[in-house]
Peer 1: 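This is the structure, below, for whatever I ask next.
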Amino acid sequence: MNETKLPRVAAMMLTILLAVSQAHADPAEVVAGKEPSVLGDIRELGAVGDGKTSCTAAIQKAIDQCAARGGGIVRLPAGIWLTGTVYLESNLTLVLDKDCTLLGSRQHEDYARPRTMSGLGAKPAPFRYAAILAGTDLQNVTIRGEGTINGQGDAFRDKSKTRPKNIYLQNCRNVTIEGIRLRDAGSWMQHYRHCDGLSIRNIDVFNHVAYNNDGLNVDSCRNVRIEDCRVDSDDDGIVLKSLSSTPCHGVVIRNCTVSSHCNAIKLGTESGGGFQEIEVTGCTVHSPRKSQKIYGAQRGLAGIALEIVDGGKLENVTVSDVRIDGVTAPIFLRLGNRARSYGSGMPKPGVGTFQNVVLRDIVAENASEVGCSITGLPGHPIRNVVLENVQISFDGGGSKDQAAREIPERAESYPESTMFGTLPAYGLYCRHVEDLTLRNVQLDTRRPDLRHAVLADDVKRLRIEALKADGVPGAEAVIRLVQVDGAEIRRCKASATADPFLLLEGDRTRQVVLEENDLAVAARQIEFRGGASAQVVSPP
């Protein structure tokens, strides 16, 4: 990577944080000349907090009265308030008090009733969406408190019928979600689409009762901050999507704890517009401990998954200070060509781009035997990727037969960390990449593994610095380079069991520079196969 770009990215992230912070005053406070007001008690409007009586009309009336006065606070007191879809309004703070549960109806007909909306100066237009709380074209909306929204999603496991979400907001500005507990949605727990200025803080999510139980979905949004959240989901945990030609832009995910039977922190799979200026930092990832899988794997699939498969651009993404425990593959980077379009009658998109990514200060334990992968496509490489200060411990146990596996391209397949099966490298399998740096990377296995630690195939400008990965007796080469054009290997130390330490393969492998390495104790230092020769190595 052109590392001179990193200060610019950091400065841009600071600008985004300041912009989002300034945008998120309590909506009640933006109502000019008014003190925040709590409008009528929903019990006085007919609500009964017994978990059996429908409170939809009473809650909606309280919100509508608030909107008619220009905004303010609607408070839901302690109790169990059964409801179908409730539509939010601008300049609204919805507070869920301690011991309050907003309980989603188990009846399909209680969701997605039509509603005429006229937010953000738009002409009144019909809107309907199957969610407990929904809204479109709004501004200055907050949902906060110590209460719970429970979707009773086990009633909605039939994929042929409506499967409501707990929260859905689209085309909204200045949205804050804070403090609440979210439980048991019919599909995705929460979906924010085409929003600008979104802050999600200190929420607790548990979603393990139905299909497609994602934890937190941000779709084609700008200026987003997700902080101090706990997300435990069957399907993907915290996931950025781009179900349009508009990218997710300017997103910070910080200090979150995420567990998933699928992918914990993910960019994709939907990637029509892509993902730009994204920062993930200070997060903890582990496999779910209190649930049995519906999708994915019991131990979880990927810790960090970055994917572009439907066109779009993924660029300027930084992942740092992340701890991962017990997932199948801690790192999965994929540029593919599923080529899904996101508009009626639109042609399939071309292959997207994937560039300028840094993964730094990552520690992962108890990863499976599958291995991690960074894979583009022939003629469409992933570009400018740095892995720095990364430690990963795998189950191991791989064989020489697995080390020799030919891996299919699978360009059009759904991207998943397990899509290639057990990889020929127990650590990092890298194919169709340009400008790849592995600096201070440590790879080890719990059981002896006869595969390579690192395998690079069709890579241009590879830099490996201070790799720590011991071979075991009878294992294949620690590092295998296949058709690699330009490689620098520096400050690496071989163990006595490395036989060989480095395998160079292919008639297009060239310009391999070895400097400041300690390879003397290796049983063999370098082996050449398939047209590679000692002439490509310098110094000789």
Side-chain angles (χ1 to χ4, degrees), residues 328-331 367-375 387 390-408 417-418 420-433 436 438 441-459 462-485 487-510 512 514 517-534 536-537:
T328 298
I331 295 171
S368 82
E369 76 285 354
V370 169
C372 298
S373 61
I374 303 172
T375 58
L387 273 65
V390 173
Q391 301 177 34
I392 308 177
S393 181
F394 299 87
D395 286 350
S399 67
K400 281 194 171 184
D401 287 344
Q402 290 170 332
R405 283 190 64 219
E406 293 290 333
I407 301 300
S417 60
T418 55
F420 301 118
T422 301
L423 294 164
Y426 72 77
L428 293 168
Y429 175 75
C430 311
R431 183 168 66 178
H432 310 311
V433 186
L436 173 63
L438 309 178
V441 172
Q442 179 175 328
L443 307 169
D444 61 61
T445 62
R446 184 172 55 85
R447 295 175 294 173
D449 198 297
L450 302 182
R451 295 173 293 166
H452 313 283
V454 175
L455 196 164
D457 183 358
D458 185 29
V459 174
L462 170 67
R463 290 168 290 277
I464 300 178
E465 301 177 14
L467 174 73
K468 295 182 180 180
D470 291 341
V472 299
E476 293 294 317
V478 176
I479 300 173
R480 178 184 174 191
L481 307 185
V482 181
Q483 309 292 23
V484 170
D485 185 358
E488 300 173 7
I489 300 176
R490 292 186 167 91
R491 296 189 293 115
C492 296
K493 184 177 181 179
S495 66
T497 54
D499 186 18
F501 176 77
L502 176 63
L503 171 59
L504 301 181
E505 187 174 339
D507 57 4
R508 298 196 307 276
T509 293
R510 57 188 179 181
V512 178
L514 303 178
N517 300 293
D518 184 359
L519 308 182
V521 300
R524 287 184 298 158
Q525 295 184 18
I526 309 176
E527 180 180 340
F528 303 93
R529 294 182 190 169
S533 70
V536 306
V537 178

Peer 1: Under 3.5 Å, is there a donor-acceptor pair between the side chain of E476 and the main chain of H452?
Peer 2: no
Peer 1: State plainly whether the residues E465 and R491 are in salt-bridge range, i.e. N to O under 4.0 Å.
Peer 2: yes
Peer 1: Is there a side-chain contact between D449 and V472, using heavy atoms and a 4.5 Å cut-off?
Peer 2: no
Peer 1: Closer than 3.5 angstrom, by distance alone: can the side chain of N517 be matched with the main-chain N or O of C492 as a donor-acceptor pair?
Peer 2: yes
Peer 1: Show the numbers, then the answer: is there a side chain to side chain contact (heavy atoms under 4.5 Å, CB included) between I489 and L481?
Peer 2: CA-CA 11 Å; I489 300 176; L481 307 185; 4.3 Å; yes
Peer 1: For V482, does its backbone N or O pair with a side-chain atom of T509 as donor and acceptor, under 3.5 Å?
Peer 2: no
Peer 1: Considering only heavy atoms from C-beta outward, does the side chain of L519 approach that of L502 to under 4.5 Å?
Peer 2: no
Peer 1: Within the structure provided, determine whether D507 and Q483 are in side-chain contact (heavy-atom separation under 4.5 Å).
Peer 2: yes
Peer 1: Just wondering, do V370 and S417 contact through their side chains at under 4.5 Å, heavy atoms?
Peer 2: no
Peer 1: Hey, does the side chain of R447 reach the backbone of G396 with a donor-acceptor pair shorter than 3.5 angstrom?
Peer 2: yes
Peer 1: Check each of L455, L467, L438 against I479 using the side chain to side chain contact (heavy atoms under 4.5 Å, CB included) test, and report the only one that passes.
Peer 2: L467
Peer 1: Just by distance, do the side chain of R529 and the backbone of L503 share a donor-acceptor pair under 3.5 Å?
Peer 2: no
Peer 1: Decide yes or no for V512 and I526: does some side-chain heavy atom of the first lie under 4.5 Å from some side-chain heavy atom of the second?
Peer 2: no
Peer 1: Check D485 with R510, please: is the shortest side-chain N to carboxylate O separation under 4.0 Å?
Peer 2: yes
Peer 1: Under a 3.5 Å distance rule, please check whether R451 uses its side chain to pair with a backbone N or O of Q402 as donor and acceptor.
Peer 2: no
Peer 1: Can you tell me if T328 uses its side chain to pair, donor with acceptor, with the backbone of S368 under 3.5 Å?
Peer 2: no
Peer 1: Is there a donor-acceptor pair under 3.5 Å between the side chain of K468 and the backbone N or O of Q391?
Peer 2: no
Peer 1: Could you list the residues that satisfy side-chain hydrogen bond (donor to acceptor under 3.5 Å, both in side chains) with D499, not counting sequence neighbours?
Peer 2: R524
Peer 1: Can you tell if the side chain of T375 reaches within under 4.5 Å of the side chain of I407, non-hydrogen atoms only?
Peer 2: no
